[in-house]
2 protein chains.
Amino acid sequence: MLNPVHLRTLVEVVKTGSFAEAARRLGYTSSAVSQQISAFERAVGVELFEREAHSIRPASAALLIADRGGELLAAFDGFEHEVKAMVQGLRGRLRIGTFPTASSRVVPKALAKLAADLPDAEIRLDEAEPEDVLPLVLTGELDLALVYAYDLVPQSWPEELTVLPLLDEALLVMVPSEHPAAKNNVRLEDLKDERWIASRDGTSGATCLTRLCAASGFAPRIAFRSNDYEVVQSLVAAGVGVALVPALGYKALPGTHAMPLRHKPLRRHVHVVHRTANTNPLLRDAVNALQEVCQNAVGGYINQP
Amino acid sequence: MLNPVHLRTLVEVVKTGSFAEAARRLGYTSSAVSQQISAFERAVGVELFEREAHSIRPASAALLIADRGGELLAAFDGFEHEVKAMVQGLRGRLRIGTFPTASSRVVPKALAKLAADLPDAEIRLDEAEPEDVLPLVLTGELDLALVYAYDLVPQSWPEELTVLPLLDEALLVMVPSEHPAAKNNVRLEDLKDERWIASRDGTSGATCLTRLCAASGFAPRIAFRSNDYEVVQSLVAAGVGVALVPALGYKALPGTHAMPLRHKPLRRHVHVVHRTANTNPLLRDAVNALQEVCQNAVGGYINQP
DNA sequence: ATTGAGCACCAGGTCAGCTTATGCTCGACG
DNA sequence: CGTCGAGCATAAGCTGACCTGGTGCTCAAT
């Protein structure tokens, strides 16, 4: 490989037209410059400067090399600055995994803040259920993920992960407005004969519902499943059934009524997780942004942990 | 400056996902790779790989650096190849100075040949009188020049220059067709009362004419001056006067007649000059092309030297 | 349990490349 | 026209970067 240090010296020599002057500017002795140029000439196999006692004259090859070489070195300098900036967290890439409800209610604001603070950072967002994103965080394909956990579905975290609580949200029972239960302080038992609209099988939302109902002595008749709480709520509004939705997913849809459970104020917990070993400098900023946004999101049935 | 060797190693490590494999491909020991990566991490101030006993995991910073760095290194490799090619004379820049007559009769063919052989070479052509181009050759602003010298105007060349003869051409006396001298073997004395059309004052063409006439005992009455032999010949055709033109500049214009001098077969000599010290690899090819073209141009009043 | 692979660390040796010193050449200047 | 200073080349010596080889650790596979 051509020695880039020698190339830089050559560029400076061509620019100044003198070994001595180039040496002064680069902080070398003129002897060092002379030796560097000689070495470079040996490397390319061509005389690049004609020497006279008191001056040098660049050969045309030297001019060409200095031209293109100068551009390259400038690019390299630019790269170096990029790296420095990246290290300071001003720039870089952050890959975030999130689950659907959070991605619409919490993440956008946090990302907006992050993007405003760090306009040159490249932020990528993937949306999936916690079971799917956790392995990605572990393998390093994601830097950060938002996950949730239901009270009744104990979740254990791999110990390489740092888990920070972000939000606590109530689980709300949602019924059509005209439903007799559409008054506060409903008991779950009152709903044992209802048709239920639940999250997809296997999700902890669905598991939670099953366990909750089991605790009240019945198994819910699940008529429809959807992971999209908008769809769930539309179905409730249409009178198809009742549902258990976390507060983050709740939108006061006309024709529906939502209330917390009377005796069992169940909650869903939202966490940020990342590998403890992850050194991505953007991580800190992203976590900060998320926490800040969550503070402001408190209200209704949503608390800070 | 970030160490480019380390950068190359880093890129290879990211590509292969392993210090050991990168070491094998780059011809290092894995210890060397480990040390290089450590040094690079120290240089940028960030941990770029998480080490485990049996594997490594690139941090996101490493991926970014490898991305951009890979491009840069590729560009640098490309540059190195360019330089190599240039050294082999396949590429490069050649600046040629020439005088008007030659530039229209000799140079185009030679350049065509040169351009065909070396499609990537960059060739620049400047047109001027020999007095003007020689200093440029000496300062290195031109690599090569075509110059002429008249028999009667002794020319001395600075000794740093290599001078190679290219062509010898007759000086032709040119008269209107109906002129009584329009028969071969005219003597200069026969034209002493004519009006002359000469090159501009100070050019060696004009000097030569003056000296030639002086040798025949008269001073030419110079009616018009032009360095453009096309113009000169048109003036002759129009009956304005007679002229002395070198064979290279002669075109058998209707209404004119040209012939060599009877007793004094004067000639103009065309040379290529370049600084002996000039190492431009294209020089050799250019000189060869010119000589070859000149061989084919022989005929009429034009000889090889 | 053993083996092998991957990585880190240490010690030692090599070599690139710097400085210092010296000499040469040429232009400037009294 | 000698003297001086500036610019470049070359030799010698030293330093530090970096590679190799060896050792030790960990983990996965057999």
Side-chain angles (χ1 to χ4, degrees), chain A residues 1-59 62 66 73 138-140 158-160 275 277 279, chain B residues 1-44 46-59 62 66 138-140 158-160 275 277 279:
Chain A
M1 186 155 59
L2 282 181
N3 188 326
V5 172
H6 292 182
L7 177 61
R8 187 185 50 179
T9 301
L10 184 145
V11 169
E12 198 64 31
V13 168
V14 168
K15 201 183 296 171
T16 61
S18 149
F19 284 15
E21 181 57 26
R24 276 189 290 274
R25 299 200 186 182
L26 294 173
Y28 291 121
T29 60
S30 60
S31 171
V33 171
S34 174
Q35 292 174 58
Q36 285 193 20
I37 297 297
S38 295
F40 199 93
E41 287 175 327
R42 237 175 298 126
V44 301
V46 151
E47 189 188 43
L48 295 176
F49 297 90
E50 295 163 37
R51 276 78 159 176
E52 275 153 46
H54 224 68
S55 65
I56 53 163
R57 189 189 349 238
L73 290 176
L138 285 170
T139 60
E159 63 179 286
E160 304 103 288
R275 283 189 312 114
T279 56
Chain B
M1 186 157 58
L2 283 180
N3 188 326
V5 171
H6 292 181
L7 177 60
R8 187 185 50 179
T9 300
L10 184 146
V11 169
E12 197 64 32
V13 167
V14 168
K15 201 184 297 172
T16 62
S18 150
F19 284 16
E21 180 57 26
R24 275 190 289 274
R25 298 201 185 181
L26 294 172
Y28 290 122
T29 59
S30 61
S31 172
V33 171
S34 173
Q35 291 175 59
Q36 285 193 20
I37 297 298
S38 295
F40 198 93
E41 287 175 327
R42 237 175 298 126
V44 301
V46 151
E47 188 189 47
L48 295 176
F49 296 91
E50 295 163 35
R51 277 77 158 176
E52 275 154 43
H54 223 67
S55 65
I56 52 161
R57 186 184 357 232
L138 286 169
T139 59
E159 61 177 287
E160 305 102 287
R275 284 188 313 113
T279 56

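If you're wondering where the values come from, they're calculated on a predicted model, not measured in any experiment. Each chain gets a letter, A, B and so on, in the order its sequence line appears, and its residues count up from 1. These numbers come from the heavy atoms of this one structure, side chains and all, not from hydrogens, waters or symmetry mates.
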**Report entry** Residues E12(A) and R8(A) bridged, charged N to O under 4.0 Å
**Finding:** no

Requested in this report: Could you state the atom-to-atom distance from CD1 of I37(A) to P of dT10(D) in whole Å?
Outcome: 14 Å

Report task. Just call it for S18(B): base, sugar-phosphate, or nothing, with non-hydrogen atoms closer than 4.0 Å on any strand. Result -> sugar-phosphate

Report summary line: Regarding the side chain of A32(A), the nearest nucleotide among dC19(D), dG7(D), dC18(C) is dC18(C)

Query raised in the report: Rounded to the Å, how far apart are I56(A) CD1 and dG7(D) C1'?
Result: 10 Å

Query raised in the report: Between S55(B) and dG6(C), is there a side-chain N or O to OP1/OP2 distance below 4.0 Å?
Result: no

Query raised in the report: Any idea which heavy atoms bring Q36(A) and V5(A) closest together, and the distance?
Result: OE1-O, 3.7 Å

Query raised in the report: Given dC7(C), dT25(C), dA12(D), which nucleotide is nearest the side-chain atoms of Q35(A)?
Result: dA12(D)

Query raised in the report: Which nucleotide in the set dT19(C), dT20(D), dA8(C) lies at the smallest distance from any side-chain heavy atom of T29(A)?
Result: dT19(C)

Requested in this report: Let me know the distance between CZ of R51(A) and P of dC26(C), rounded to the nearest Å.
Outcome: 16 Å

**Report entry** Nearest-neighbour nucleotide for the H54(B) side chain, dC8(D), dC27(D), dC19(D) considered
**Finding:** dC27(D)

**Report entry** Nearest-nucleotide 5' precedence on DNA chain D, E52(B) against A53(A)
**Finding:** A53(A)

Query raised in the report: Do you know which two heavy atoms are closest between V14(A) and A62(A), and how far apart they sit?
Result: CG2-O, 4.0 Å

Report task. Determine, for R275(B) against E160(B), whether the closest basic-nitrogen to carboxylate-oxygen distance falls under 4.0 angstrom. Result -> no

Requested in this report: Ignoring backbone atoms, establish whether S34(B) has a side-chain N or O less than 4.0 Å from OP1 or OP2 of dA8(C).
Outcome: yes

Query raised in the report: Rounded to the nearest Å, what distance is computed from the CG atom of residue L26(A) to the P atom of nucleotide dG17(C)?
Result: 15 Å

Query raised in the report: What's the CZ-C1' distance between R42(A) and dT10(D), to the nearest Å?
Result: 12 Å

Requested in this report: Provide, to the nearest angstrom, the distance between the CD atom belonging to E50(B) and the P atom belonging to dC27(D).
Outcome: 15 Å

Query raised in the report: At their closest point, which heavy atom of I37(B) faces which heavy atom of F49(B), and how far apart are they?
Result: CG2-CD1, 3.5 Å

Requested in this report: Report yes if a side-chain nitrogen or oxygen of N3(B) is closer than 4.0 Å to either non-bridging phosphate oxygen (OP1 or OP2) of dA17(D); otherwise report no.
Outcome: no

Query - Out of dC8(D), dC18(C), dG6(C), whichever nucleotide has its closest atom nearest the side chain of Q36(A) - result: dC18(C)

Report task. Quickly work out the M1(A) CE to dC18(D) P distance and round it to whole Å. Result -> 12 Å

Query raised in the report: To the nearest Å, how far apart are F40(A) CZ and dA16(C) C1'?
Result: 16 Å

Report task. Could you work out which one of dC18(C), dC8(D), dT19(C) sits closest to the side chain of S31(A)? Result -> dT19(C)

Report summary line: Assign each of A20(B) and H6(A) the nucleotide of DNA chain C bearing its closest heavy atom; nearer the 5' end lies the nucleotide of A20(B)

